[in-house]
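One-based numbering along the sequence shown. Note that ligands are numbered from 1 as they come in the structure, with each ligand's atoms numbered from 1 the same way.
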Amino acid sequence: MKIAIVNLGRIVSGDWRDPFAAGDSIVADGDRITEVGTASAAAVEAADVVIDAGGMTAIPGLIDSHVHVTFGDYTPRQRTVGFLESYLHGGVTTSISASEVHVPGRPSDPEGVKALALAAQRCFATYRPGGMKVIAGSVILEPGLTATDFKELAVKGVTLAKAGFGAVKTAYDYVPLVEDAKAAGLITTCHTGGSSIPGSGAITGDHLLAMHPHVSFHINGGPTAMPDADFERIIRESQIALQVCTAGNLRTTLLCARLAAQFEAFDRFIMGTDTPTGSGIMPLGMLYTIAHCSSLTDMAPELFICAASGSNARVYGLNSGYLVTGKAADIVLIDAPDGGTQATALAAIKNGDIAAIGGVVTAGVPRFVGRSRNTPATTRKARVVRSSVMQDFATASH
Ligand SMILES: [Zn+2]
């Protein structure tokens, strides 16, 4: 399918160093973006679906880098079906598994955790709930896993490893496991802050600096924060990505954002929700964290949109997260919410309001155009002005 989105008021690129793209239109062919800027009449004419954005803002589909997926579109923790599809209506086009620890009776022996990660990876390899891409299969680091195990998983397609819920005696026992997982090419992640599972102990600055995983999961606390002094240490003494999560400590999220900007580490400031968890399912979690960071710091809203898209993509090596030719055609239309005080999506976010979503495209397919099931209505109206495909682009009314 070829699609053209025209009449955009603003385009956020996903690259925080250069956060705006010039122009008013985006063209995609199949699952890739082919043009960002000013589409020719011929390109619009050749499109199977033309969407008039009515002056809204386009942003890259959001990447939630901390989602507790299990199997299918179901969370045992909150006993909810269809949560991933619901997150898509909050602008999330890619979810990255924070490891499948919520699977009831999940195994803890090496063969068991390997099988769990591989099964999860395979189950989401082609399954897209509501159109969302899910990167699943994060092996839970448990004592007994060897360098050979990690190599085997990497060869078979698993890309992620998670420290924090294993049966280790101290968090320092993760150091050789993280080293072996990294050597096999896995992206390593580590729980940060007070324990979220009773008895698992706090993981703080000293542990992270000894392990040096690629990503400090919920560095702001999941949900309990580590000491304030450790934030500057992690930022200045490591290259660890700083993931802030919605279901954590908001004060330390803001502390981390300011320190990342101050010490020129914003490149590795990334965002996730850490849901579903005890905090619930949060379909608008990414939009809330973007609004909180934008309205409670003196930093620009587009920077946090980029932290929730392109910066996540770079850290995790994904071909999405940017509105740039050649990247995945994952596009979200946002606007000022109807009835608010602000005229544009970015002004509304800076004001502390969550953006209203007027359309979501994933893999080049419009999943809905018009009204999100979960956000307020948009001020402007996005609509399909021409279509030659058999699809109803309106939101299913349920
Ligand atoms: Zn988590």
Side-chain angles (χ1 to χ4, degrees), residues 62-71 74-80 83-84 87 90 92 94-104 106 108 113 116-117 120-121 124 134-142 159-168 171 174 178 181 186-204 207-208 211 213-226 234 240-250 252-253 256 269-286 288-289 307-308 312 315-316:
L62 303 176
I63 299 170
D64 184 342
S65 57
H66 198 123
V67 183
H68 282 284
V69 300
T70 55
F71 291 100
Y74 170 64
T75 163
R77 181 56 58 93
Q78 291 301 335
R79 297 168 192 172
T80 302
F83 76 98
L84 290 167
Y87 281 39
V92 177
T94 299
S95 286
I96 303 175
S97 175
S99 81
E100 292 75 27
V101 281
H102 290 175
V103 169
R106 70 99 172 160
S108 58
V113 288
L116 177 60
Q121 188 273 331
F124 281 104
V134 180
I135 315 284
S138 175
V139 62
I140 304 159
L141 296 182
E142 290 282 5
T159 58
L160 305 166
K162 153 81 180 261
F165 294 133
V168 293
Y174 286 124
V178 169
L186 301 184
I187 294 169
T188 54
T189 62
C190 181
H191 177 96
T192 306
S195 57
S196 60
I197 290 178
S200 58
I203 296 180
T204 61
H207 303 111
L208 287 170
M211 259 183 261
H214 293 89
V215 182
S216 163
F217 263 177
H218 46 64
I219 191 165
N220 59 313
T224 312
M226 65 178 178
I234 299 300
I240 300 170
L242 319 161
Q243 181 196 64
V244 298
C245 287
T246 316
N249 182 318
L250 175 58
T252 53
T253 294
C256 188
F269 182 88
I270 61 175
M271 220 176 263
T273 60
D274 191 13
T275 61
T277 40
S279 303
I281 70 158
M282 301 177 81
L284 306 184
M286 296 294 283
Y288 275 111
T289 298
N312 267 324
V315 167
Y316 283 91

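Restricting D274 to its N, O or S atoms, the one at the least distance from the Zn ion (ligand 1) is OD1.
Residue H68 counts as close to the Zn ion (ligand 1), with an N, O or S atom under 2.8 Å. At least one N/O/S atom of H66, from backbone or side chain, sits under 2.8 Å from the Zn ion (ligand 1).
In terms of modelled atom types and a separation under 3.5 Å, the side chain of T275 and the main chain of S279 share no donor-acceptor contact.
Donor-acceptor pairing under 3.5 Å is lacking for the side chains of H218 and T192. With hydrogens and angles left out, the side-chain atoms of T289 and T246 include a donor and acceptor closer than 3.5 Å.
Relative ring orientation between H102 and H68 is described as parallel, the plane-to-plane angle staying below 30° on a 0-90° scale split at 30° and 60°.
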